[in-house]
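Counting starts at 1 for both ligands and their atoms, in listed order. Position 1 is the first residue of the sequence, and the numbers go up from there.
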Amino acid sequence: MDPAFLRSLDLSQVPRIPIRKAPPGGGSPTCPAGGAGPGECWWTCDKCLGPQDVSACPNNKQWGLTYDDGPSPNSTLLLDHMQSKNIQATVFVVGSRVIEYPAILKREYALGHHIGMHGWSHTAWTSLTNEQLVAELQWTARAIKEVIGVTPTYVRPPYGDIDNRVRGVLEALGYRAVIWNQDTNDWYLNYGNPTGYNPAWVSGNITQWISNAPSAKEGIIALEHDLSGEGVRLAIGAIDQMLKAGLQPQSVSQCLSLTDMYQESKNQSIPGQPGGVKGGDASSSPSFVSPSMASLVPLALLFLMNQ
Ligand SMILES: [Zn+2]
């Protein structure tokens with residue numbers, strides 16, 4: 001924890017909901033037999049969405065592309081493909097991988113992709129204390145700011161694990177959650193495919209959603225990943241399927257016409273971040289990796305050792 005993260009941060013309005021226990025080895029905490037308690041609105045447990053949560057694109061021709069868990073060396077192939085089709089996506093990046101692969105994040109930003117945050121260590125957020133969650137987010141924000149010069153507003157909880165306590169912390173920090181309304185289940189492939197998941201099911205899911213699109217009330221926001229080579233190969237195939245069907249793959253920021261993708265455009269100071277922010281269009285002058293990036297490396301190692 002950098003004490004600066006908590007200075008001028010008011011967590012007094014954050015609902016008091018018990019901290020959950022994440023399973024050993026990672027994943028979302030288990031939902032109790034009776035479901036989430038009243039007022040908890042725990043998405044991983046009962047798919048409860050908060051009023052500020054984003055989970056769909058407005059129009060049924062739109063397809064919100066979201067790729068989690070990067071940046072990774074495999075992201076490059078997906079970026080090449082999207083560039084060739086002139087398509088942008090939303091990428092929810094992991095802080096510890098941002099400092100590992102800053103050049104890939106820079107390329108994503110330069111290509112106009114919408115950059116969001118996925119935490120530092122991919123720990124389920126309902127299993128963290130308020131202060132731990134602040135540290136996860138603000139170290140990630142600081143790393144991204146060092147690399148591309150802006151601070152994302154939109155975040156994706158690992159495993160979609162969010163309840164009203166987590167939402168309270170996000171709100172205090174000025175962040176907003178993006179969940180999804182379709183899951184390709186490609187994430188099995190990131191973890192050695194322990195369940196015998198058949199990769200062909202991903203394209204099967206996409207085919208099904210495409211055929212449902214004309215009668216859908218809203219557009220899709222799909223969960224995909226750019227971590228494994230297999231996942232990226234499937235993501236590329238999925239884009240081609242959508243384009244062939246006349247759908248419009250795009251970033252979440254495009255389908256929602258967002259103007260607050262980055263905190264700098266909101267003209268407000270960011271708790272705990274150096275110098276605050278004075279507004280203006282930071283996207284026109286991205287700063288690149290500064291020597292102080294090196295100060296983040298020992299922290300990353302500490303996080304990884306604690307996994
Ligand atoms: Zn993830």
Side-chain angles (χ1 to χ4, degrees), residues 20 22-31 42-45 47 49 53-55 64-75 78-79 89-101 104-105 108 113-128 132-133 135-137 139-141 143-144 152 154-163 166-167 169-170 175-195 197 199 202 205 220-235 238 251-252 300 303-304 306-307:
R20 334 247 180 210
S28 180
T30 309
C31 184
W42 184 10
W43 191 81
T44 8
C45 190
K47 296 287 178 280
L49 288 167
D53 297 350
V54 172
S55 66
L65 298 170
T66 69
Y67 301 111
D68 294 6
D69 296 358
S72 87
N74 289 315
S75 310
L78 181 57
L79 295 177
T90 298
V91 289
F92 292 103
V93 298
V94 172
S96 58
R97 295 199 178 107
V98 165
I99 63 168
E100 221 178 331
Y101 304 108
I104 296 173
L105 178 66
E108 288 173 338
H113 298 292
H114 172 205
I115 312 297
M117 299 194 286
H118 199 41
W120 187 276
S121 67
H122 212 277
T123 307
W125 288 354
T126 68
S127 73
L128 301 172
Q132 285 172 324
L133 179 54
E136 278 268 341
L137 289 160
W139 279 113
T140 301
I144 292 171
Y154 289 81
V155 302
R156 165 151 299 156
Y159 320 106
D161 187 44
I162 186 169
D163 62 9
V166 169
R167 289 185 187 92
V169 174
L170 296 182
Y175 301 143
R176 189 172 170 193
V178 179
I179 317 293
W180 55 85
N181 56 13
Q182 298 294 356
D183 182 355
T184 59
N185 285 311
D186 69 335
W187 49 270
Y188 283 107
L189 303 167
N190 290 348
Y191 303 101
N193 198 8
T195 56
Y197 185 77
V202 172
N205 286 339
I220 280 175
I221 290 182
L223 173 66
E224 295 183 80
H225 297 82
D226 60 330
L227 183 57
S228 72
E230 182 72 1
V232 162
R233 192 183 64 75
L234 292 166
S251 68
V252 170
F303 263 101
L304 290 172
N306 282 334
Q307 288 306 292

Completion exercise
Which atom of Asp69 is nearest the Zn ion (ligand 1), counting N, O or S only? It is OD1

Practice task
Look at the side chain of Asn74 and the backbone N and O of Leu227, then say whether any donor-acceptor pair between them is shorter than 3.5 Å.
Solution key: yes

Exercise for the section: Verify the distance test for Asp68 against the Zn ion (ligand 1): any N/O/S atom under 2.8 Å, yes or no. Expected result: no

Fill in the blank from the handout: the Zn ion (ligand 1) -> His122, closest N, O or S atom is NE2

Practice task
Over 60° means perpendicular and under 30° means parallel, so classify the ring planes of His118 and Phe92, tilted if in between.
Solution key: tilted

Handout entry: Stepwise side chain to side chain donor-acceptor pair (under 3.5 Å) check, Thr126 with Asp163
Key = CA-CA 7 Å; Thr126 68; Asp163 62 9; 5.1 Å; no

Practice task
Please confirm if an N, O or S atom belonging to His225, backbone or side chain, lies less than 2.8 Å from the Zn ion (ligand 1).
Solution key: no

Problem - Glu100 and Arg97 ion-paired at < 4.0 Å - result: no

